[in-house]
K.L.:
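Before I ask anything, let me first share the structure, which is written out below as structure tokens.
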Amino acid sequence: MTDTVEVVAGVIERSDGSFLLASRPDGKSFAGYWEFPGGKIESGELPYEALARELHEELGISVLLAYPWIHRYFRYPHANVAIHFYRVRSWQGTPSALEGQVLSWCSHGEPLPGQILPANSQVLAALSLPQYYALTHFNDPADPLSMESFISGLEHGIRLVLIREPWVDESERIRLARALKPIAEEKSVRLLFHGTEALARASGVGGIHLNSHELMKLEERPDFPLCAASVHNPEEMKKAADLELDFVMLSPVAKTKSHPEKGPLGWASFSQIISDCPLPVFALGGLSKLDLDSAMEAGAHGVAMQRAIWF
């Protein structure tokens, strides 16, 4: 049986959203392919320590701030690899090609410099997700979202929206989704519909967000461009990963007004549940934009919000 090789990879991001890719030099397997910089974890090293060492050796930079992100397994012909991806947000020095590789700063939506290493390809899709996930509440009797606030939110940069609306029946949710679709398309905003596959198709928005009950019934990934699910424990997290969904939303992190009876996970339990997850995870439950750093320190991709995000 082939042993699993533990490696780290750094997603080095500039403030404009661009990220760094490096080519694999001659003499290495998959020479010429492009990847996120990194390398093997040495015996006795913690993943973060290995990340700092590898990026200093390969690029000549000193890591100042990096957050754990997703953890993916990949089977190559020559080895099984477990990759700890980190999002590197701050560093000292200028990245330089110190090991014969070629470097390229890339942006989402633009052509890549070449063929991406197989273990890195799905990471690019995950990286394209924004760090805030907005949930609608137009029909909340206690605190309804106005159309003016919805539009203002999109104008202020919201790019991923879940049409949830548990307060109304299916036909009203579908009507609302159809009304929001052209507004979102004008702003290049991705919409997801909270419900079954049949209801999501009827809504026409192109994305589906499953509750945990619907998730656990599935045998294969729904045929939608964007698929997500709500999860609350490791079993549901594993199911979403096995189905290769695009992301998950784990809750509740803190106490919420809508479900005060539910005990919160807290950041320690949240981090433990997602520690081996290959999917981007949004943290939900009593959070605001001020919690983004805490969420990322715990390994989350970003924060989901129902009320605090709207303008």
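Keep in mind the model is a prediction, meaning the values are calculated, not measured. In what follows, every heavy atom counts, from backbone to side chain, and hydrogens, waters and symmetry copies are set aside.
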K.L.:
Got more than 12 heavy atoms from elsewhere within 6.0 Å of CD, Glu170?
P.N.:
no
K.L.:
Report the distance from atom CZ of Arg175 to atom CG of Asp169, rounding to the nearest 0.5 Å.
P.N.:
10.5 Å
K.L.:
How long is the gap from CG on Leu103 to CG on Leu21, to the nearest 0.5 Å?
P.N.:
9.5 Å
K.L.:
Between the main-chain N or O of Leu135 and the side-chain N or O of Arg307, is there a donor-acceptor pair closer than 3.5 Å?
P.N.:
no
K.L.:
Strictly by ring-ring contact (aromatic ring centres under 6.0 Å, His included), give each pair with a member in residues 90-122 just once, sequence neighbours left out.
P.N.:
Phe19-His108
K.L.:
Which atom names give the shortest non-hydrogen contact between Ile158 and Val161, and what distance separates them?
P.N.:
CG2-CG2, 3.6 Å
K.L.:
Under 3.5 Å, is there a donor-acceptor pair between the side chain of Glu214 and the main chain of Asn211?
P.N.:
no
K.L.:
Less than 4.5 Å apart, side chain to side chain, heavy atoms only: is that true for Asp246 and Leu279?
P.N.:
no
K.L.:
Which residues pass the salt bridge (Lys or Arg N to Asp or Glu O under 4.0 Å) test with Arg190, not counting sequence neighbours?
P.N.:
none
K.L.:
I need the full list of ring-ring contact (aromatic ring centres under 6.0 Å, His included) pairs touching residues 166-187, with sequence neighbours left out, sorted by first then second residue.
P.N.:
none
K.L.:
Are the side chains of Val7 and Ile41 in touch, meaning some heavy atoms are under 4.5 Å apart?
P.N.:
no
K.L.:
One thing to verify: whether Lys238 and Asp276 come together as a salt bridge, which I'm taking to mean a side-chain N less than 4.0 angstrom from a carboxylate O.
P.N.:
no
K.L.:
When you check the gap from the basic side-chain N to the acidic O, do Glu57 and Arg53 get nearer than 4.0 Å?
P.N.:
yes
K.L.:
Is a donor on one side and an acceptor on the other found under 3.5 Å between the side chain of Glu236 and the backbone of His232?
P.N.:
yes
K.L.:
May I ask you to check whether Ser230 and His209 show a side-chain donor-acceptor distance below 3.5 Å?
P.N.:
yes
K.L.:
Salt bridge check: are Arg201 and Glu197 linked by an N-O gap of less than 4.0 Å?
P.N.:
yes
K.L.:
Tell me which pairs pass ring-ring contact (aromatic ring centres under 6.0 Å, His included) where either residue lies in residues 141-161, with sequence neighbours left out.
P.N.:
Phe138-Phe150, Phe150-Trp310, His156-Phe311
K.L.:
Kindly state each residue pair satisfying salt bridge (charged side-chain N to carboxylate O under 4.0 Å, His left out) with at least one member in residues 83-104, sequence neighbours excluded.
P.N.:
Glu13-Arg87, Glu13-Arg89
K.L.:
If every non-hydrogen atom of Tyr86 is compared with every non-hydrogen atom of Val8, which pair is closest and at what distance?
P.N.:
CE1-CG1, 4.5 Å
K.L.:
Should Leu199 and Ile208 count as side-chain neighbours, where that means a heavy-atom distance under 4.5 Å?
P.N.:
no
K.L.:
Taking atom types as modelled, find out whether Asn120 and Glu35 have a side-chain donor-acceptor pair closer than 3.5 angstrom.
P.N.:
no
K.L.:
Determine whether the side chains of Arg72 and Gln122 contain a donor N or O and an acceptor N or O closer than 3.5 Å.
P.N.:
yes
K.L.:
Quick one: does His71's side chain have a donor or acceptor within less than 3.5 Å of a partner on Pro278's backbone?
P.N.:
no
K.L.:
Testing the 3.5 Å rule here: is there a donor-acceptor pair between the side chains of Ser146 and Ser149?
P.N.:
yes
K.L.:
Could you check whether any side-chain N or O of Arg221 sits under 3.5 Å from a backbone N or O of Glu244, counting only pairs where one atom can act as donor and the other as acceptor?
P.N.:
yes
K.L.:
Any side-chain donor-acceptor pair under 3.5 Å between His301 and Tyr67?
P.N.:
no
K.L.:
Would you say the side-chain atoms of Ser271 pair up with the backbone N or O of Ala298, donor to acceptor, closer than 3.5 Å?
P.N.:
yes
K.L.:
Residues two or more places apart in sequence or in another chain: which of them pass salt bridge (Lys or Arg N to Asp or Glu O under 4.0 Å) with Asp26?
P.N.:
none
K.L.:
If you compare all heavy atoms of Ala9 against all heavy atoms of Ile83, which two are closest, and at what distance to 0.1 Å?
P.N.:
CB-CG2, 3.9 Å
K.L.:
Testing the 3.5 Å rule here: is there a donor-acceptor pair between the side chains of His84 and Glu6?
P.N.:
yes
